[in-house]
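Some notes on the structure that comes next.
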Protein chains: 2
Amino acid sequence: MRISQLAERARLPVATVKYYQREGLLHEGVLTAPNQAHYDESHLRRLELIRALVGPAGQSIASTRRILTAISDPPTSEYDLLGIAHQAVTPAPERMPATFARAERLLGHLGWDVSRCAPASVAALEEALLGLEAGGFFVEDEVLERYGRAMMGVAVDEVDDVPTDSPEAAARFVILGTVLVEPLLLSLRRLAQQTASAKRFG
Amino acid sequence: MRISQLAERARLPVATVKYYQREGLLHEGVLTAPNQAHYDESHLRRLELIRALVGPAGQSIASTRRILTAISDPPTSEYDLLGIAHQAVTPAPERMPATFARAERLLGHLGWDVSRCAPASVAALEEALLGLEAGGFFVEDEVLERYGRAMMGVAVDEVDDVPTDSPEAAARFVILGTVLVEPLLLSLRRLAQQTASAKRFG
DNA sequence: ACTATTGGATACTGACACTATCCATTCTGG
DNA sequence: CCAGAATGGATAGTGTCAGTATCCAATAGT
């Protein structure tokens with residue numbers, strides 16, 4: 001398959017395919033001549049994955065590159081797979097909050113072990129809590145813990161579902177499960193809110 | 001308070017404050033002369049809210065403007081408050097998916113009433129499901145429903161917490177609760193995953 | 001009176017995700 | 001076998017977004 005055919009099947013302009021190649025998101029085709037290369041189904045699948053990441057999942061090109069690298073070159077140990085996956089997804093924490101006071105308090109209440117959590121993730125929680133505060137939106141501890149328990153409910157099932165046969169499969173599952181499921185969860189929350197609201201007020 | 005003082009207290013450059021004013025995110029101060037104005041605490045609070053929305057909540061300037069407009073000019077009826085809130089937050093659905101087949105099937109399984117949901121939200125769900133598919137990440141119906149039930153669990157509590165005394169308070173609660181809580185939920189999910197993973201493999 | 005600051009307008013910047021152009025080769029159809 | 005289309009690779013340009021910076025005449029404070 002030549003590039004124009006690949007681009008057509010992926011419904012992308014040829015220039016965009018070249019761009020993804022330049023950015024290191026799409027592996028090169030097999031050169032049959034200095035200016036001729038062949039592409040196969042793996043290139044098409046990769047393009048679909050890229051579009052899913054930069055589209056619905058809202059990832060940047062840089063973040064997408066980190067994610068794809070982590071998938072194709074997964075950590076050997078399963079131990080900190082999640083940490084590495086989250087690190088790939090979490091953009092460089094531009095400026096760490098000075099303290100994680102609020103985050104650590106909440107994690108304490110939930111009985112989660114802070115020391116086993118990636119600092120970037122704790123920082124993200126702290127930032128989210130600061131954001132709520134800055135918006136003058138005060139959430140009671142009880143409600144925060146309710147959110148935490150709800151997310152733990154889904155997380156436990158997700159961790160159970162991680163395939164343990166190969167590191168590649170595990171990495172792919174964890175990374176895509178983190179990134180691609182997020183828009184799913186958010187849209188489900190909005191729909192659930194509307195349904196709950198209709199039931200209560202409608 | 002003059003603009004330089006306002007900017008200093010908000011820890012923003014003066015030029016940025018002027019920019020938010022130009023963009024209609026920050027109301028004008030009281031002019032005491034053709035080139036002199038006074039600002040008060042309401043301007044400071046508004047700036048903090050803007051920063052929370054464009055920062056942690058990841059909203060664009062245009063979306064932030066819609067949100068602020070919806071808050072300061074809330075719908076009179078409580079009926080479709082959520083619809084309006086979500087509409088304010090959901091960017092113009094650049095290109096609607098042709099069908100909502102997957103989304104409607106899932107909503108049917110969950111027993112949620114599609115007809116009472118904002119089309120934009122259903123479209124978002126459809127896009128999320130398409131994104132998963134494009135990433136070659138197949139999620140079983142059972143798992144999807146688990147996600148849905150988990151989100152309904154938090155949504156029911158959230159809807160119960162909506163203040164019913166004034167439309168302004170209700171609008172503020174709903175809109176900020178939608179937008180500012182999203183990063184909170186996502187960071188909690190990641191931390192929950194790490195905790196669950198540590199418990200299982202560590 | 002004189003310097004700093006202000007509101008308001010306009011112009012500029014840097015990052016980002018493409019998109020277009022160029023060019024020397026190579027493939028393809030008649 | 002040869003003209004015209006397509007290719008890989010490099011480089012340059014585009015549109016959008018979120019600020020920044022500059023300029024100005026008109027105050028403000030000292």
Side-chain angles (χ1 to χ4, degrees), chain A residues 1-40 43-44 46-68 91-92 94-95 131, chain B residues 1-40 43-44 46-68 91-92 94-95 131:
Chain A
M1 177 167 31
R2 288 161 299 179
I3 198 172
S4 60
Q5 217 174 336
L6 176 64
E8 194 185 351
R9 287 183 63 189
R11 292 155 195 251
L12 287 173
V14 172
T16 302
V17 175
K18 286 186 177 183
Y19 168 64
Y20 289 153
Q21 225 170 18
R22 268 203 313 284
E23 291 294 323
L25 308 184
L26 181 65
H27 48 295
E28 291 186 0
V30 182
L31 278 178
T32 61
N35 67 335
Q36 219 70 24
H38 281 164
Y39 303 89
D40 58 24
H43 293 90
L44 184 56
R46 173 55 71 96
L47 281 176
E48 285 165 352
L49 177 52
I50 293 170
R51 292 309 299 178
L53 288 171
V54 307
Q59 298 295 317
S60 68
I61 297 295
S63 163
T64 300
R65 182 172 32 239
R66 280 195 300 275
I67 291 169
L68 294 173
E94 41 185 60
R95 70 175 167 75
Chain B
M1 183 168 25
R2 286 164 301 182
I3 199 172
S4 59
Q5 218 175 336
L6 176 64
E8 195 186 349
R9 289 185 60 189
R11 291 153 195 254
L12 288 173
V14 172
T16 302
V17 175
K18 285 185 176 183
Y19 168 62
Y20 290 153
Q21 225 170 20
R22 269 203 311 285
E23 290 294 323
L25 308 183
L26 181 66
H27 47 297
E28 293 187 359
V30 182
L31 277 178
T32 61
N35 66 335
Q36 219 70 22
H38 281 165
Y39 303 90
D40 58 25
H43 294 91
L44 185 55
R46 173 56 69 96
L47 281 177
E48 284 164 353
L49 178 52
I50 293 170
R51 292 309 301 178
L53 289 171
V54 307
Q59 299 295 316
S60 68
I61 296 295
S63 163
T64 300
R65 182 171 30 239
R66 281 195 300 275
I67 291 169
L68 294 174
E94 42 186 57
R95 68 173 168 75

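As the structure is a prediction and not an experimental result, all values here were calculated from the model. By convention in this document, chain letters (A, B, ...) are assigned in the order of the sequence lines, proteins followed by strands, and residues within each chain are numbered from 1.
In this structure, B:Leu31 and B:Gln36 have side chains that are not in contact, with every pair of non-hydrogen atoms separated by 4.5 Å or more. Two residues are said to be in side-chain contact when any heavy atoms from C-beta on lie closer than 4.5 Å; B:Leu53 and B:Leu68 meet this criterion.
Between the two ends of the helix from C:dA1-D:dT30 to C:dG30-D:dC1, each summarised by a five-pair axis, the helix axis turns through 0° (rounded to 10 degrees).
One distance of note links CD1 of A:Ile61 with CD1 of A:Ile50; it measures 8.0 Å at 0.5 Å rounding.
Contact check of residues 25-40 of chain A against DNA chain C (heavy atom, cut-off under 4.0 Å) returns A:Ala33, A:Pro34, A:Asn35, A:Gln36.
Using a distance-only test at 3.5 Å, with no hydrogens or angles considered, a donor-acceptor pair links the side chain of B:His43 to the main chain of B:Glu28. Proximity of a side-chain donor or acceptor of B:Thr16 to a complementary backbone N or O of B:Leu12 within less than 3.5 Å is not detected. Between the side chain of B:Thr64 and the backbone N or O of B:Ser60, at least one donor-acceptor pair lies under 3.5 Å.
Between B:Tyr20 and B:Arg65, the side chains place no donor N or O within less than 3.5 Å of an acceptor N or O (distance only, hydrogens not considered).
Residues satisfying the side-chain hydrogen bond (donor to acceptor under 3.5 Å, both in side chains) criterion with B:Glu48, sequence neighbours excluded, are absent altogether. Residues passing the salt bridge (Lys or Arg N to Asp or Glu O under 4.0 Å) test with B:Glu8, sequence neighbours excluded: none.
Mapping heavy-atom proximity under 4.0 Å, the span of DNA chain D touched by chain B runs 5' to 3' from D:dA18 to D:dA28. Think of the region where chain A sits on DNA chain C: with heavy atoms and a 4.0 Å cut, that region ends 5' and 3' at C:dA17 to C:dT28.
If you check every strand for non-hydrogen atoms under 4.0 Å, B:Arg65 touches nothing.
A:Ala10 approaches A:Leu47 most closely through the heavy-atom pair CB-CD1, 3.7 Å. Nearest heavy-atom pair across A:Leu26 and A:Gln21 is O-CG, 3.5 Å. When all heavy atoms of A:Arg46 and A:His27 are compared, the closest pair comes out as CB-CE1, 4.1 Å.
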*Could you go through the side chain to side chain contact (heavy atoms under 4.5 Å, CB included) check for A:Met1 and A:Arg9 one step at a time?*
CA-CA 10 Å; A:Met1 177 167 31; A:Arg9 287 183 63 189; 3.8 Å; yes
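Projected onto DNA chain D by closest heavy-atom contact, B:Pro13 and B:Arg2 fall at different nucleotides, the more 5' of which corresponds to B:Pro13.
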